[in-house]
Amino acid sequence: MVRGSTRKQIASILGVTALAAVGALIPITSANAEVVAPASSTVSTTPLPTVQINSGVVWSQAIVGNTVWAGGSFTDARPAGAAPGENLTPRSNLLAYDITTGNLIDSIAPQVNGQVKVVRSSPDGSRIYIGGSFSQVDGEPRANLAALDANSGALITDFRPTVSGPTVNAIAVTGSNVYVGGRISGVDGTPRGNMAAFDLSGQLTGWSPTTERQVDAMVATADGSKIIIGGRFGTVNGAESLGLAAVDPSNGSVLAWTASGVIRNGGSDSMGISGLSTDGDAVYGTAWAQIGGGHMLEGSFSADAGSGEIRWIEDCHGDEYGIYSDGTTVYTVGHTHDCTSLGGFGDYATPNGRYQYALAFTKATMGTLGRANNLGSYTDWSGNPAPGLMEWYPNFLSGTATGMGQAGWDVTGNGEYVVIGGEFPGVNNQHQQGLVRFGH
């Protein structure tokens with residue numbers, strides 16, 4: 001719930017005129033919180049040397065083996081340590097690098113002529129699917145959706161649906177189908193209401209659930225029984241479902257899923273569910289809002305993948321965008337500023353306040369939420385199950401590429417490394433643009 005003018009005030013209050021100092025932030029305690037303090041995260045806060053974009057933004061990442069695929073809006077990459085404009089290698093909105101070295105993979109260089117909003121891999125690791133707002137890949141016509149060979153980066157020639165609409169924002173891939181969401185009006189001349197599905201050859205299936213506003217996130221449950229969708233919508237198939245729903249992967253009907261009746265961030269362009277991921281037994285989501293009240297969340301949640309029963313909620317005030325679980329620790333990116341409901345740092349308006357762009361929480365439930373010190377118009381989530389807030393506080397500098405003053409937009413990993421993509425120009429007093437990795 002933070003806007004551009006407020007961010008400038010925050011920067012003035014904190015004296016942020018250069019890259020933030022190195023070091024972890026020490027959580028303050030809240031008398032209201034009933035959360036057991038966990039140990040430190042197992043991933044270091046020290047950034048590892050990682051290829052950078054020269055300018056722009058990374059919206060999404062996917063990992064296959066040791067290769068990290070990163071998509072966004074950028075024209076060049078540069079090595080770790082290179083200053084802006086130096087030692088550039090052309091890359092058109094999509095690049096790949098080695099997660100163990102941080103080095104750009106020279107042999108993978110697809111040419112995408114527009115913004116890539118989402119990158120996802122197939123379950124077998126053979127393909128990379130990209131969605132966004134583009135019309136060509138490697139000079140061949142591709143309307144907002146394309147498939148690439150995960151080893152070479154070569155375009156898959158027989159996967160070529162024409163997706164009409166401004167953008168594809170979300171992709172979920174199973175062993176038999178590719179599900180997409182965004183602002184979509186049709187596919188190959190057949191009407192669709194912001195979602196569609198294809199078989200692996202790119203043929204449109206009959207799957208056609210509808211929403212009245214855009215879909216921003218999708219994830220398939222590990223057992224393939226549900227497609228969880230998130231976004232700004234207020235209805236799915238004409239019935240109320242505020243920003244979050246589970247749909248049947250075969251017929252598109254809405255399925256019972258408890259979390260969708262608890263987290264209600266939708267029906268407006270001023271709130272939504274921004275990110276979804278799964279580690280198998282749980283589904284994780286991030287939420288944002290520009291208005292308060294009701295059951296709207298600024299923070300993240302964990303829910304049982306099958307039933308949707310809430311496992312925990314964290315309401316560290318401030319929008320959150322991406323979320324990843326390594327099976328023990330859950331990492332988020334956003335712009336949080338008040339974790340007092342978890343016994344953490346205070347609001348940015350207080351003397352001990354902080355403005356944090358990346359956080360880590362326990363996968364396990366550690367207690368219950370207290371009442372935030374500066375609740376204001378925010379929803380009071382106190383009494384709900386809560387994770388433990390980890391002492392993992394890398395310091396990001398916010399960027400300017402999107403005009404929204406954010407740092408990280410996406411976080412993922414492989415159990416050994418955590419990788420973050422976004423629009424940040426620096427991490428922990430080091431110049432590092434748009435991509436960074438952290439390891440043990």
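Along the sequence shown, residues are numbered consecutively beginning with 1.
- In this structure, a donor-acceptor pair under 3.5 Å is present between the side chains of Trp409 and Glu423.
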Exercise. Start with the C-alpha gap between Asn113 and Ser135, add the side-chain angles, then the distance that decides, and say whether side chain to side chain donor-acceptor pair (under 3.5 Å) holds.
Key: CA-CA 7 Å; Asn113 75 337; Ser135 60; 2.9 Å; yes
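- Between the side chains of Ser164 and Ser185, no donor-acceptor pair of N or O atoms lies under 3.5 Å.
- One finds a salt bridge joining Lys363 and Asp279 here, because a Lys/Arg side-chain nitrogen approaches an Asp/Glu carboxylate oxygen to under 4.0 Å.
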Quiz prompt | Stepwise side-chain contact (heavy atoms from CB on, under 4.5 Å) check, Ile53 with Val58 | solution = CA-CA 8 Å; Ile53 56 174; Val58 171; 4.1 Å; yes
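- No donor-acceptor contact under 3.5 angstrom links the side chains of Thr190 and Asp188, judged on distance only.
- A donor-acceptor contact under 3.5 angstrom links the side chains of Arg78 and Asn54, judged on distance only.
- Aromatic ring pairs are classed by plane angle as parallel below 30°, tilted from 30° to 60° and perpendicular above 60°; the pair Phe361 and Trp312 is tilted.
- Atom CD in Glu140 sits 7.0 Å away from atom CG in Leu155 (nearest 0.5 Å).
- In this structure a side-chain-to-backbone donor-acceptor pair under 3.5 Å is present from Trp392 to Ser44.
- The aromatic rings of Tyr331 and Tyr324 lie parallel to each other, with less than 30° between the two planes, well short of the 60° mark.
- The two atoms that bring Arg264 and Gly261 nearest to each other are CD-O, 3.7 Å, heavy atoms only.
- Closest non-hydrogen pair, His440 versus Thr42, comes out as ND1-O, 2.9 Å.
- Every residue meeting the side chain to side chain contact (heavy atoms under 4.5 Å, CB included) condition with Asn384, not counting sequence neighbours, appears here in chain and number order: Ile313, Leu369, Trp381.
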Exercise. Could you walk me through whether Phe198 and Tyr179 pass the ring pair (Phe, Tyr, Trp, His ring centres under 6.0 Å) test, one step at a time?
Key: CA-CA 7 Å; Phe198 309 90; Tyr179 300 86; 9.3 Å; no
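- Salt-bridge formation is not detected for the pair Asp216/Arg183: no Lys NZ or Arg NE/NH1/NH2 atom is positioned less than 4.0 Å from an Asp or Glu carboxylate oxygen.
- A donor-acceptor contact under 3.5 angstrom links the side chains of Gln111 and Ser92, judged on distance only.
- Using cut-offs of 30° and 60° on the angle between ring planes, the pair His317 and Tyr378 is parallel.
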Exercise. Might you work through the side chain to side chain donor-acceptor pair (under 3.5 Å) test for Asp410 and Ser60, ending with a clear yes or no?
Key: CA-CA 6 Å; Asp410 183 77; Ser60 182; 4.6 Å; no
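- Taking all atoms of both residues into account, the shortest heavy-atom contact from Met218 to Ile229 is CE-CG2, 3.9 Å.
- Ionic pairing of Arg311 and Asp304 is present here: one or more N-O contacts between side-chain nitrogen and carboxylate oxygen are shorter than 4.0 angstrom.
- There is no side-chain donor-acceptor pair under 3.5 Å between Asn66 and Thr100.
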Exercise. Run the numbers on Glu314 and Ser300 for side chain to side chain donor-acceptor pair (under 3.5 Å), then give the verdict.
Key: CA-CA 5 Å; Glu314 64 84 4; Ser300 65; 2.7 Å; yes
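- How far CD of Gln115 is from OG of Ser133: 6.0 Å, rounded to the nearest 0.5 Å.
- Taking every heavy atom of both residues into account, Val64 and Ser121 meet most closely at CG2-CB, 3.5 Å.
- Gln61 and Thr412 are not linked by any side-chain donor-acceptor pair at a separation below 3.5 angstrom, with hydrogens and angles left out of the test.
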Exercise. Take Glu240 and Thr235 through the side chain to side chain donor-acceptor pair (under 3.5 Å) test and state the conclusion after the steps.
Key: CA-CA 4 Å; Glu240 183 180 80; Thr235 63; over 6 Å; no
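- Closest approach of Ala70 to Val119, counting heavy atoms only: C-CG2, 4.5 Å.
- For Asn414 (side chain) and Ile63 (main-chain N/O), no donor-acceptor pair under 3.5 Å exists by modelled atom type.
- For the pairing with Ile273, the side chain to side chain contact (heavy atoms under 4.5 Å, CB included) check across Leu242, Thr286, Val215, Ile263 returns one residue only, Ile263.
- When only modelled atom types and interatomic distance are considered, Gln406 and His335 share a side-chain donor-acceptor pair under 3.5 Å.
- Side-chain contact between Val411 and Val419 is absent, with no heavy-atom pair separated by less than 4.5 Å.
- A side chain to side chain contact (heavy atoms under 4.5 Å, CB included) with Val247 is found for exactly one of Ile228, Thr211, Leu255, Val236, namely Val236.
- Comment: Arg127 does not engage Asp149 in a salt bridge, judged by the lack of any side-chain N to carboxylate O separation of less than 4.0 angstrom.
- In this structure, Arg232 does not pair ionically with Glu212, as no charged nitrogen and carboxylate oxygen lie closer than 4.0 Å.
- Across all non-hydrogen atoms, the minimal contact from Ser122 to Val173 is CA-CG1, 3.9 Å.
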